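Working notes, structure below.
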Amino acid sequence: MQVTVRDNNVDQALRALKKKLQREGVFREMKLRQHYEKPSEKKARQRAEAIRRARKLARKKAQREGLM
């Protein structure tokens, strides 16, 4: 990953880097890897995330169609 610093503006480059890292999911992965997660816990978490994503998608779809 690469971010260019323009006009010695390090703050702007740092913000751009953080945004790229956030988009890639690096911070989330670091947080998950801080502690060991049992395979059963991992499977339950992934299942819950999938349900959350599906509900969010259905909610957005209903909103677009004017049902909400």
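For reference, positions follow the sequence shown, starting with 1. Predicted model, so just to flag it, every value in this text is computed and none were measured.
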Problem set entry | Nonpolar side-chain network containing Val5, other nodes, edges under 4.5 Å | Val10
For this session: Please check if Leu32 and Phe27 belong to a single hydrophobic cluster, counting links between Ile, Leu, Val, Met, Phe, Trp and Tyr side chain heavy atoms closer than 4.5 Å.
Result: no
Exercise. At what distance, to the nearest 0.5 angstrom, does CE of Met1 lie from CG of Leu21?
Worked result: 5.0 Å
Exercise. Under the side-chain hydrogen bond (donor to acceptor under 3.5 Å, both in side chains) rule, what pairs show up with a residue in residues 16-26, not counting sequence neighbours?
Worked result: none
Exercise. Listed by chain and number, what are the side-chain hydrogen bond (donor to acceptor under 3.5 Å, both in side chains) partners of Asn9, not counting sequence neighbours?
Worked result: Gln12
Exercise. Does any pair with a residue in residues 34-50 pass salt bridge (Lys or Arg N to Asp or Glu O under 4.0 Å), and if so which ones, sequence neighbours excluded?
Worked result: Arg28-Glu49, Glu37-Arg45, Arg45-Glu49
Exercise. How many angstroms lie between CD in Gln46 and CD1 in Ile51, if you round to the nearest 0.5 Å?
Worked result: 12.0 Å
Exercise. In chain order, what residues pass the side chain to side chain contact (heavy atoms under 4.5 Å, CB included) check against Lys56, with sequence neighbours excluded?
Worked result: Arg59, Lys60
For this session: Specify the closest pair of heavy atoms between Ala13 and Thr4, including all atoms of both residues, with the distance to one decimal.
Result: CB-O, 4.0 Å
Exercise. For Arg64, which residues count as a side-chain hydrogen bond (donor to acceptor under 3.5 Å, both in side chains) partner, sequence neighbours excluded?
Worked result: none
